[in-house]
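Heavy atoms only: backbone and side chains are in, while hydrogens, waters and symmetry mates are out.
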Amino acid sequence: MALSMHRDSKQMDSSKYVRYTPEQVEALERVYSECPKPSSMRRQQLTRECPILSNIEPKQIKVWFQNRRCREKQRKEASRLQTVNRKLTAMNKLLMEENDRLQKQVSQLVYENGYMRQLQGASATTTDTSCESVVASGQHQQQQNPTPQHLQRDANNPAGLLAIAEETLAEFLSKATGTAVDWVQMIGMKPGPDSIGIVAVSRNCSGVAARACGLVCLEPTKVAEILKDRPSWFRDCRYLDVLSVIPTANGGTIELIYMQTYAPTTLASARDFWTLRYTTSMEDGSLVICERSLTSSTGGPAGPPVTSFSRAEMLPSGYLIRPYEGGGSIIHIVDHIDLDVWSVPEVLRPLYESSKILAQKMTIASLRHVRQIAQETNGEIRYDGGRQPAVLRTFSQRLCRGFNEAVNGFADDGWSLMGSDGMEDVTIVVNSSPSKFLGSQYNTSMLPTFGGGVLCAKASMLLQNVPPALLVRFLREHRSEWADYGVDAYSAACLKASPYGVPCARTGGVPCSQVILPLAHTVEAEEFLEVVRLEGHAFSPEDVALAPDMYLLQLCSGVDENVGGACAQLVFAPIDETFADDAPLLPSGFRVIPLNPKADGPAATRTLDLASMLEVRSGGARSAGEADSNNYDLRSVLIIAFQFTFENHLQDNVAAMARQYVRSVVGSVQRVAMAIAPSRLSSLMSPKPLPGSPEALILARWICQSYRIHTGGELLQAESQSGDSILKQLWCHPDAIMCCSLKTNASPLFTFANQAGLDMLETTLLALQDMMLDKILDEAGRKILCSEFSKIMQQGFGHLPAGICVSSMSRPVSYEQAIAWKVLDDDNSNHCLAFIFINWSFV
């Protein structure tokens with residue numbers, strides 16, 4: 001026996017040091033490439049099929065595969081660590097350069113501060129002389145830094161354009177790596193090897209400017225190619241035309257470009273640009289693409305701007321792309337634009353004078369797009385046999401572009417304004433020949449063969465103290481709160497070339513539920529592309545089984561509340577079951593753009609139609625409620641646009657339906673906005689759905705009366721015992737109070753919540769009635785409630801310890817304590833179960 005054990009141990013030891021011939025290794029590698037982890041049966045089969053492996057024990061082959069997998073894992077880990085090390089080295093270099101730039105900026109500010117103090121000290125005795133010296137120094141500086149007009153007298157020749165290009169290059173580099181602009185880092189944009197990069201916005205400069213630095217794993221030439229294709233990543237770019245390309249003696253190119261951009265809202269004109277773009281190489285191997293506007297004296301157009309557009313100015317901007325070890329690039333981006341802010345209504349000016357908005361729409365968007373393509377190119381994004389990432393990006397671009405077309409409604413695309421019905425809250429535009437903006441390949445499948453077109457109903461609203469990200473998340477998760485599924489069915493029928501008809505308004509039918517099927521998301525998950533399946537819409541319970549499902553392609557972006565200045569958007573378009581890559585899309589949806597706070601803002605407790613807001617501003621009069629409130633700190637503008645196809649003989653009917661539908665959506669959004677506004681402002685409001693409702697008044701009295709009976713304490717400190725006073729105080733109570741039904745055979749459903757309760761659950765009074773108690777409690781909370789339930793029913797109340805619950809949007813909410821008690825009616829019968837969650841907050 002001892003001899004046998006010795007023999008076995010000798011064989012095991014010998015298996016560790018087996019030397020394989022090259023032929024044997026080659027045979028094993030072939031198997032490994034097909035199956036890195038073969039089963040015992042497969043290994044035995046291998047020794048039988050390969051004569052060169054017949055003298056190797058199966059255990060030895062098993063050890064070889066284990067070692068081979070270990071080497072592969074080590075190789076991948078080493079490669080990953082090398083990549084991370086290269087990124088850290090490049091990021092360290094970038095941060096050191098940024099630190100040097102900041103040091104220069106500090107030194108310059110200190111010098112300017114000392115110079116200003118010197119001027120102030122000398123002004124009392126040498127006022128006239130100092131003025132002359134200032135004028136002289138200004139003239140000297142002007143001679144040293146001549147403007148483009150001084151550099152060239154004839155900008156229509158290549159030499160003059162090259163002079164403009166070289167100055168543009170110098171000014172751009174001074175902004176990208178120097179101190180020409182006073183940059184301030186954007187909050188929440190922390191640098192790191194896996195972050196978007198270093199992002200800063202301008203302070204105290206003409207126009208609006210943003211700057212970003214980041215790393216991407218692409219060659220500089222590829223990065224330059226992507227960034228120059230502005231329509232592929234700049235969602236607001238409608239049209240870009242390179243009018244001429246002029247090669248330069250240093251190997252670069254000068255391009256004369258005309259570009260049109262969309263307006264973000266329905267209440268301001270779009271912008272266009274005439275620019276010169278200069279592409280050249282630096283001595284250190286870096287690529288530079290810089291750009292600036294041209295005026296009539298610098299080679300630009302002499303005539304007036306194009307109809308429907310206002311001329312904007314691009315100050316020296318561009319991209320500095322430097323190679324770094326490992327085949328990647330360090331990108332410096334500067335966007336500096338003057339959007340002619342004084343040409344837009346006062347209430348919209350923050351959209352045109354905010355550097356944060358520019359940073360989100362242009363600077364960060366370009367960097368994210370390059371990083372997205374880099375990850376796709378390097379195989380870091382898996383699509384598991386589905387659609388290619390490039391196809392999904394095209395869908396996102398088409399949805400955004402189609403929505404922008406709907407919001408703007410350009411006349412040269414065939415849109416014309418339709419007469420109103422006496423109210424100006426909803427605008428209707430019609431396009432009877434939409435081939436230009438839809439594309440000819442879509443017309444046959446979307447429009448009737450015997451005449452028809454596209455109709456768009458749109459409206460704008462000013463929202464008070466409603467976080468854009470929170471509102472869009474709610475609209476996405478709770479479609480039943482605002483959507484009319486009859487209209488959804490109408491849009492789906494249009495895709496299938498079904499007979500056209502005007503859908504009915506809500507008729508109390510059986511609502512369908514939505515299922516969100518994710519398709520893709522971007523690198524930082526700031527944008528989601530998904531398919532929404534609307535299941536089984538029917539007008540009676542008997543028809544549910546026969547009701548077909550409907551599908552929407554949906555794009556949701558800007559739902560991260562921590563990103564400052566971000567636009568939140570929910571855009572969708574009906575699709576059929578086939579969902580082809582070239583499927584026709586007619587997008588509709590919502591866009592919420594934050595506005596910077598203004599001291600003379602309107603009331604924080606109202607959600608207004610934006611058109612009426614403009615009328616109030618122009619009239620100069622404000623209501624007493626508006627004049628009293630200037631303490632709010634968040635405003636945003638909401639744009640709603642819905643598109644429909646129609647037949648010519650049904651145009652008026654479809655227009656009437658569209659007006660009614662958009663007005664109902666506006667009303668729903670107003671209710672949602674009031675419901676999700678922060679509690680500190682809701683305390684100023686009386687609950688809209690509750691006043692005048694005897695059921696609410698009685699329930700409020702029962703809740704407070706039962707609390708006093710069971711606990712011996714007062715829930716409210718009411719000065720008056722009238723029903724109105726109790727209801728108002730209950731509604732405005734800072735802690736979350738809610739009631740749920742007492743059902744023994746099913747999970748309790750919520751029936752009522754005060755404003756703090758609705759805020760905690762992130763829902764509305766209407767949607768609250770579909771929520772179950774066990775869905776908001778975590779597992780620990782459910783166990784505690786089950787163990788305490790009999791005690792609560794016997795004693796009438798019970799205390800629950802601190803815990804975690806979940807809102808309707810799946811956000812965790814912590815609370816310090818909860819109290820549950822039975823609510824008795826006037827006959828002392830059990831009516832419902834009430835809860836109060838004390839000191840709750842989102843985790």
Side-chain angles (χ1 to χ4, degrees), residues 266 399 402-403 405-407 409 415 417-431 446 452-461 471-472 474-476 478-495 498-512 514 532 534 537-539 550-554 569-575 585-592 607 609-611 638-647 650-673 764 766-767:
T266 61
L399 283 172
F403 187 72
E405 291 287 353
V407 170
W415 292 100
L417 185 65
M418 192 173 183
S420 68
D421 60 350
M423 299 176 63
E424 302 295 337
D425 56 334
V426 177
T427 302
I428 302 287
V429 290
V430 179
N431 197 325
M446 295 196 69
V454 175
L455 179 146
C456 179
K458 49 192 176 181
S460 297
M461 299 165 57
L471 176 60
V472 168
F474 190 95
L475 295 174
R476 172 179 176 265
H478 301 278
R479 188 179 182 85
S480 60
E481 280 290 292
W482 55 267
D484 186 335
Y485 290 104
V487 175
D488 291 329
Y490 168 78
S491 300
C494 292
L495 281 177
S498 297
Y500 282 63
V502 179
C504 301
R506 287 188 177 92
T507 57
V510 179
C512 64
Q514 71 168 357
V532 179
L534 305 177
H537 170 69
F539 290 98
M550 295 175 291
Y551 296 88
L552 301 173
L553 181 64
Q554 182 167 275
Q569 190 166 261
L570 183 69
V571 179
F572 46 86
I575 56 175
L585 299 178
L586 201 63
S588 303
F590 309 87
R591 175 184 293 158
V592 192
T607 299
D609 172 69
L610 192 53
L638 168 66
I639 300 96
I640 303 173
F642 283 82
Q643 297 192 81
F644 308 90
T645 57
F646 64 87
E647 294 180 354
L650 291 176
Q651 177 177 328
D652 293 338
N653 293 336
V654 175
M657 176 275 296
R659 280 196 181 95
Q660 179 184 354
Y661 182 51
V662 171
R663 283 170 182 159
S664 70
V665 171
V666 169
S668 300
V669 171
Q670 287 178 326
R671 291 193 299 271
V672 169
T764 65
L766 186 61

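- Between Val426 and Ala457, the shortest heavy-atom contact is CG1-CB, 4.1 Å.
- Using a 4.5 Å heavy-atom cutoff, the side chains of Arg671 and Glu481 are not in contact.
- A distance of 8.0 Å separates CG of Leu638 from CG of Leu475, quoted to the nearest 0.5 Å.
- Atom OG1 of Thr266 sits about 7.0 Å away from atom CD1 of Ile639, to the nearest 0.5 Å.
- Atom CG of Asn431 is separated from atom CD of Gln643 by 9.5 Å, given to the nearest 0.5 angstrom.
- Thr427 pairs by the side-chain hydrogen bond (donor to acceptor under 3.5 Å, both in side chains) definition with nothing, not counting sequence neighbours.
- Ala641 meets the side chain to side chain contact (heavy atoms under 4.5 Å, CB included) test with Phe403, Ala406, Val407, Cys456, Lys458; sequence neighbours excluded.
- Partners of Arg659 under the side-chain hydrogen bond (donor to acceptor under 3.5 Å, both in side chains) rule, at least two apart in sequence or in another chain, do not exist in this structure.
- In terms of heavy atoms, Ala658 sits closest to Phe644 at CB-CE1, 3.6 Å.
- The line from CD1 of Ile575 to CD of Gln554 is 10.5 Å long, rounded to the nearest 0.5 Å.
- Of all the heavy atoms in Met461 and Val669, the pair that sits closest is CE-CG1, 4.4 Å.
- A heavy-atom distance below 4.5 Å is found between the side chains of Val454 and Leu586.
- Separating the CD1 atom in Ile428 from the CG atom in Asp652 is a distance of 11.0 Å, to the nearest 0.5 Å.
- When all heavy atoms are compared, the tightest approach of Val654 to Thr645 is CG1-O, 4.4 Å.
- Counting heavy atoms from C-beta outward, Phe572 and Arg479 have side chains that approach closer than 4.5 Å.
- The shortest non-hydrogen separation linking Val430 to Phe646 is CG1-CZ, 3.5 Å.
- Qualifying ring-ring contact (aromatic ring centres under 6.0 Å, His included) partners for Phe590, counting only residues two or more places apart in sequence or in other chains: Trp482, Phe642.
- Distance check, rounded to the nearest 0.5 Å: CG of Leu399 to OG of Ser588 gives 10.5 Å.
- A pairwise comparison of heavy atoms in Pro574 and Leu552 identifies CA-CD2, 3.6 Å as the closest pair.
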